[in-house]
Amino acid sequence: MTAASFSRGREEPRRHREMADVHHLASRIMLYLLAFTAVAVIGFPLFWMVICSFKPGSELYATPPTVLPQAWTLQNYRDLFVQTDFPDYFVNSLIVAFGATSLSLVIGGLGAYSLSRFRFFGIAAFSSATLVFYMLPEVLIVLPLYIYVVELGLADTLISLIIANTAFTLPLTLWFMRSYFNAIPASLEESAMIDGCTRFQAMRRVTLPLALPGIVSVGVFSFNHAWNEFLFALVFISSEQNKTLPLGLATWIGQDNLYSWGMLLAGAVLVTIPVVLFYLFVQRKLVVGLTEGANKGD
């Protein structure tokens with residue numbers, strides 16, 4: 001073997017490594033560019049909403065528009081709480097969101113546990129039908145639900161919204177939580193019952209802690225849907241004091257003589273904050289639930 005061929009043999013692996021490094025660097029750059037583009041597309045409207053909520057009315061309609069406020073002000077937020085029923089809307093949305101989420105988790109959890117642990121005639125068809133029912137759009141079920149709401153004397157009440165949102169999210173809750181319960185071995189509950197636990201105690205002490213990540217994810221979905229729901233509130237609610245945030249803010253659009261766009265933007269910011277805080281809270285709980293589930297699974 002000559003010195004030249006030996007040198008080429010040593011340089012060849014190094015050249016391959018350099019090419020691999022270049023491809024890896026190019027892939028990471030493309031990944032970062034795509035991530036930045038996605039964040040910019042999603043985040044810029046939120047950024048613009050927050051910034052514009054601190055602008056005075058004259059600056060909102062300025063041409064060309066300013067990126068940052070030239071004169072920061074909290075007047076839009078003060079007017080929002082003084083001139084409108086926004087606090088009532090906020091409380092109503094909290095009641096509906098937490099009420100619907102709690103009912104969905106309790107009813108859906110018990111129903112999904114029954115579908116997962118017990119066998120009876122038609123269980124497969126019923127499980128499949130739950131997902132089909134969820135695929136029906138709200139507009140198809142809002143009128144039949146409204147007839148029942150009127151017949152039961154629940155029209156223009158928050159209870160009607162809680163029931164309607166629970167009915168809409170319950171099929172998906174059953175479908176998801178049944179899958180989580182199926183992934184937990186029934187032998188763990190059987191061992192707990194051999195040690196003296198009842199069926200309910202075994203479910204509460206063994207199954208539910210292991211299914212906590214699934215319960216949290218379903219709770220996030222139910223809360224987000226109930227918090228942002230508009231159609232049920234539009235049909236069921238007629239009085240001003242029972243309006244929720246989406247319905248209340250939607251009625252302001254186009255009413256420049258009564259409500260400014262600054263107040264509408266301030267309201268939109270305050271509507272977004274609870275969702276973000278709730279997600280951050282349950283995200284921490286989700287990680288804790290995954291850790292506890294892994295430890296108990298061992």
Side-chain angles (χ1 to χ4, degrees), residues 80-81 84-115 126-127 129-178 215-253 255 258-259 264 267-268 270-275 277-278 282:
L80 181 68
F81 283 91
T84 70
D85 294 325
F86 183 85
D88 294 335
Y89 302 160
F90 195 90
V91 173
N92 292 338
S93 289
L94 284 178
I95 294 174
V96 172
F98 279 108
T101 302
S102 301
L103 279 179
S104 295
L105 291 179
V106 173
I107 300 176
L110 294 175
Y113 180 82
S114 301
L115 293 175
F126 180 80
S127 300
T130 56
L131 189 61
V132 175
F133 293 153
Y134 175 75
M135 295 173 65
L136 296 175
E138 290 184 356
V139 69
L140 292 181
I141 64 175
V142 64
L143 291 181
L145 282 178
Y146 179 72
I147 294 175
Y148 283 113
V149 166
V150 173
E151 292 294 331
L152 294 174
L154 298 177
D156 193 24
T157 62
L158 298 181
I159 296 178
S160 64
L161 294 181
I162 294 175
I163 295 175
N165 283 286
T166 302
F168 186 78
T169 58
L170 192 58
L172 193 66
T173 302
L174 286 169
W175 179 267
F176 276 146
M177 295 190 70
R178 177 176 177 268
I215 296 173
V216 170
S217 62
V218 172
V220 169
F221 167 79
S222 300
F223 181 88
N224 187 62
H225 174 270
W227 182 262
N228 297 308
E229 201 283 321
F230 173 76
L231 183 59
F232 290 145
L234 178 64
V235 176
F236 296 168
I237 302 301
S238 57
S239 62
E240 190 71 19
Q241 64 270 19
N242 286 330
K243 286 184 178 179
T244 56
L245 284 171
L247 179 61
L249 268 63
T251 56
W252 299 353
I253 298 176
Q255 301 183 22
L258 297 177
Y259 308 108
L264 183 60
L270 295 179
V271 169
T272 307
I273 289 176
V275 178
L277 294 179
F278 182 73
V282 299

(request) Mark yes or no for whether Ser222, through its side chain, and Gly219, through its backbone, hold a donor-acceptor pair below 3.5 Å. (result) no

(request) Give a yes or no answer on whether the side chain of Thr244 reaches the backbone of Tyr89 with a donor-acceptor pair at less than 3.5 Å. (result) no

(message) When you measure from the side chain of Asp156 to the backbone of Ser239, do you find a donor-acceptor pair of N or O atoms at a distance under 3.5 Å?
(response) yes

(request) Using atom types as modelled and distance alone, determine if a side-chain donor or acceptor of Asn92 lies under 3.5 Å from a backbone N or O of Lys243. (result) yes

(request) Any chance you could measure Leu158, atom CG, to Asn165, atom CG, to the nearest 0.5 Å? (result) 11.0 Å

(message) Within the 4.5 Å heavy-atom criterion, are Ser93 and Pro246 side-chain neighbours or not?
(response) yes

(message) Return the OG1 to CZ distance between Thr173 and Phe168, rounded to the nearest 0.5 Å.
(response) 11.0 Å

(message) For the OH atom on Tyr113, are there more than 12 heavy atoms of other groups (residues, nucleotides or ligands in this structure) within a distance under 6.0 Å?
(response) yes

(request) Would you indicate whether the side-chain heavy atoms of Phe236 and Leu154 approach each other to under 4.5 Å? (result) no

(message) Does any part of the side chain of Leu270, heavy atoms only, come nearer than 4.5 Å to the side chain of Leu80, both counted from C-beta?
(response) yes

(request) Flag the pair Met177 / Ile215 as yes when at least one side-chain heavy-atom distance between them is below 4.5 Å, and no otherwise. (result) yes

(request) Measure up the Phe86 and Phe81 rings against each other and bin them: parallel (under 30°), tilted (30 to 60°), perpendicular (over 60°). (result) perpendicular

(request) List in chain and number order the residues that pass side-chain hydrogen bond (donor to acceptor under 3.5 Å, both in side chains) with Asn224, two or more places apart in sequence or in another chain; answer none if no residue qualifies. (result) Asn228

(message) If the condition is side-chain hydrogen bond (donor to acceptor under 3.5 Å, both in side chains), which residues does Ser104 pass it with, not counting sequence neighbours?
(response) Thr169

(request) Look only at the side chain of Glu240 and the backbone of Asn242, and say whether a donor-acceptor pair between them is shorter than 3.5 Å. (result) no

(message) Please report the interatomic distance CG(Leu249) to CG(Leu264), rounded to the nearest 0.5 Å.
(response) 5.5 Å

(message) Counting neighbours of OH on Tyr148 that are heavy atoms of other residues, nucleotides or ligands and sit closer than 6.0 Å, is the number greater than 12?
(response) no

(request) Check whether any side-chain heavy atom of Phe232 sits under 4.5 Å from a side-chain heavy atom of Ser160, and report yes or no. (result) no

(request) Would you check if the side chain of Trp227 reaches a backbone N or O of Val271 as a donor-acceptor pair within less than 3.5 Å? (result) yes

(message) Is it the case that over 12 heavy atoms from other parts of the model lie below 6.0 angstrom from the CG atom of Leu110?
(response) yes

(message) So which atom in Val96 and which in Ala226 form the shortest heavy-atom distance, rounded to 0.1 Å?
(response) O-CB, 4.2 Å

